[in-house]
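Just so it is clear, the structure is predicted and the values come from calculations on it, not from any experiment. Each ligand, and each atom within it, is numbered from 1 in the order the structure gives.
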Amino acid sequence: MEMIQFDQDRNLWVLQTENTAYAFGLSAEGALCHTYYGPRLPFLSDYPGARLYPEQSSFDCREGLSPEEYMSWCDSKYTEPCIKATFSDHTRDVVLKYAGFSAEGDSLSVTLRDAAYPLRVELRYRVAADCDLIEKSACVVNEGTEPVRLEQILSGSLFPARSDAYRLTSVSGKWAGEFQLRRAMLPDAKTVLESRRGTTSHGANPFVMLDENGSATETGGRVYVGALAYSGNWKITVEKTSFRMVKVCAGVNDFDFAWLLEPGASFTAPPFLIGYTEKGFGAASRMLHAYQLNHVLPAGHRGELRKVLYNSWEARLFDVNEEEQCRLADAAASLGIELFVMDDGWFGARDNDRAGLGDWFVNRRKFPNGLSKLIRHVNGLGMDFGLWVEPEMVNPDSDLYRRHPGWVYRFENRPGNLRRNQLVLNLAREDVRAYLYESMDRLLTENNIQFIKWDMNRNFSEPGYPEEAPEKQREIWVRHVEGLYGIVERLRAAHPGVLFQSCSGGGGRVDLGVLRRFDQVWASDNTNASDRLPIQEGFSYAYCAKVMESWVTGSSAPGTLPLEFRFHCAMTGNLGIGVDLFQWDDAQREKARALIAEYKQIRPIVQHGRQYRLMGTQGPLTAVSYVGAERDRAVLFAFWQHGRFGDRPLPVRLQGLDETALYEAEGYGRMSGKALMCVGLTPEFAGDPGSVLIRIEKV
Ligand code: DGJ
């Protein structure tokens, strides 16, 4: 299969994945228009050529009504533009004309140039054929001698097939309540999902799914996917016009954004990923999961199974010291934990959240031997050692701030708003970047650290950069993300053995841009398994189980949720333990040891298999399964909560198994794959709430 085809007669490009095709071409008038996105068709001639939508009145120009592949703001075009700029002579529109293309293997680049000004736009495409996904991006180059002011520069658009109605699936939320699934029919209006917080945000996450007429289910129906790989201010607009065109645009948020593109300089927009399936939401999610597992996660650790970790936060908060941490490590190792992570509190004058951030030196009162004694102890127990950091932040009560009060974002005549008693360091500055890189590099060089938990516990406010030229001050939103990405990339290159986890007060920075640089993420500070199930369900729409760190903690009013339930919930992702281990009695420790051992047996399927959401979290029965690549093994997790009126669990019908094979479902007997998928298994729970983990293996 040729991933990129070009129909010379019709100036039409067709990008093909295993099951889908995406086509766009040049209309007779020279407009670059999207023409088709759907199942792959037998012949090149099947794909429609580019034609402008018929003109309706003097109020709407034909280009404005047509699905322009990368619409610039000019002429009478009023839908969301991908690019808006001002030239040095104050001309405020961009008129793009086609200027050539190049294609090789899975990549296509189409060049556009402004009709009068030396501005070039390259539309870049990369086909992830195995996952039925396409990455889009745009790069703007100033080929002139005068600067150009970019006011909006998005990554690209997605046009679902024209239809009367579409439904939007997305997530919204808040701190400790991230990834709440939301579904609504599209109004004849523009819906904007975005973050203006400097990070991805807890409130919204940069992905959407759209299903025609709202008729798709988990297992069937046409679903379009869009996901942005970006960790700063982002925007996804979903617009339904009166001409029944649905247009999705995604990229860096234009809110408070401006970028001075100097002569010879370029600006590259982050990748926007688009996809299509006829197999419902479950398949749409599995496409994204496969993409992360095969293409996105940092290559060095992509294929490795994630270790069971222990994290000290809930047990000790800021009250960490050498002796206590060694004792915790002993307890963790005795349960079979493989990675011991010391959280906040180990550095500077960090006894609470009011001091110390910025001073990345070991607190000698708490750790008289530096970290070396603790790390040796942890390693001696057979575990890796991990450490918490929050590099982008500073407490005013810190040596760093006292030395460099000008290193934070600020407006000179406004008091900086302290959130969690901290300010955001200005990562647009080279000296700040250098300080952070050197601090982290030193920690990793001097200590045998295998894991870094990179936190960020507030959003931006007063985002000023008074030392910078006024016309460049709004660049900080993008420069901060560039700084973060750059520091992490350099650290990874210098310390390839280290795994990185992204955390922002829970799930405040989870996106495909982060997953290119971090091996896993913290989905939420909410570790109550009952709340966690819907959070993890929403998370699973876009992100795979392997990257979803999930802890068993004491949270959830001990006694109300059985320990197995809390474990099973965490075992549907990348298992961690966050409880104060000294609060567990012998029986609980024994149970935990057995469940950790069981997780190690099933984790290749959970972390690398295909995930099926069998029953959502709305009713009393929730079920999710994972099926190994060979379809010879599966695990089913089922949870029962708040059953009413004496209702009994319904059978759970599995998915993704080999129809003709015979399987043994542990404790439930032998059944063919087809029977497991058509008749299903009725889970038996010891109580309400209750949970089961059922292993299923080919006989
Ligand atoms: C927020 C994180 O989400 C927690 O897990 C913990 O690391 C704290 N920060 C530490 O300050």
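By the 4.0 Å N-to-carboxylate-O rule, E489 lies too far from R492 to be salt-bridged with it. Comment: E392 engages R509 in a salt bridge, judged by a side-chain N to carboxylate O separation of less than 4.0 angstrom.
For W551, no nitrogen or oxygen atom sits less than 3.5 Å from a nitrogen or oxygen atom of ligand 1, counting backbone and side chain alike. The distance criterion of under 3.5 Å between nitrogen or oxygen atoms is not met by R350 with respect to ligand 1. Checked against a 3.5 angstrom limit, the closest N/O atoms of W313 and ligand 1 fall outside it.
For K453, the closest heavy-atom approach to ligand 1 falls below 4.0 Å. Ligand 1 lies out of reach of M456, whose nearest heavy atom is not under 4.0 Å from it.
Below 4.0 Å from some heavy atom of C503 lie the following atoms of ligand 1, by number and element: 2 (C), 3 (O). Below 4.0 Å from some heavy atom of D525 lie the following atoms of ligand 1, by number and element: 1 (C), 2 (C), 3 (O), 4 (C), 5 (O). Near G505, meaning under 4.0 Å from any of its heavy atoms, are these atoms of ligand 1: 1 (C), 3 (O). For ligand 1, the atoms closer than 4.0 angstrom to any heavy atom of W522 are 3 (O), 5 (O). The ligand atoms of ligand 1 that sit less than 4.0 angstrom from a heavy atom of G506 are 3 (O).
Under the side chain to side chain contact (heavy atoms under 4.5 Å, CB included) criterion, Q601 pairs with R695, sequence neighbours left out.
Looking at heavy atoms from C-beta onward, I375 lies in side-chain contact with I449 at the 4.5 angstrom threshold. Looking only at side-chain heavy atoms (C-beta outward), F639 and T617 stay at 4.5 Å or farther from each other. Two residues are said to be in side-chain contact when any heavy atoms from C-beta on lie closer than 4.5 Å; R517 and V488 meet this criterion.
The aromatic ring centres of Y465 and Y409 sit 6.0 Å or more apart. When ring centroids are compared, F460 and H480 come within the 6.0 Å threshold.
Protein heavy atom at the shortest distance from atom 11 (O) of ligand 1 is D344 OD2, 2.7 Å. For atom 6 (C) of ligand 1, the closest heavy atom belonging to the protein is D343 OD1, 3.4 Å. Here the heavy atom of the protein found nearest to atom 2 (C) of ligand 1 is D455 OD2, 3.3 Å.
Within the structure, every pair that satisfies the salt bridge (Lys or Arg N to Asp or Glu O under 4.0 Å) test and touches residues 429-441, not counting sequence neighbours, is listed here: R429-D431, R429-E467, E430-R433.
Under 4.0 Å from ligand 1, not a single heavy atom of E314 appears. Looking at N457 against ligand 1, only its side chain comes within 4.0 Å, counting heavy atoms.
The main-chain N or O of Q520 is never found under 3.5 Å from a side-chain atom of R306 such that the two would form a donor-acceptor pair.
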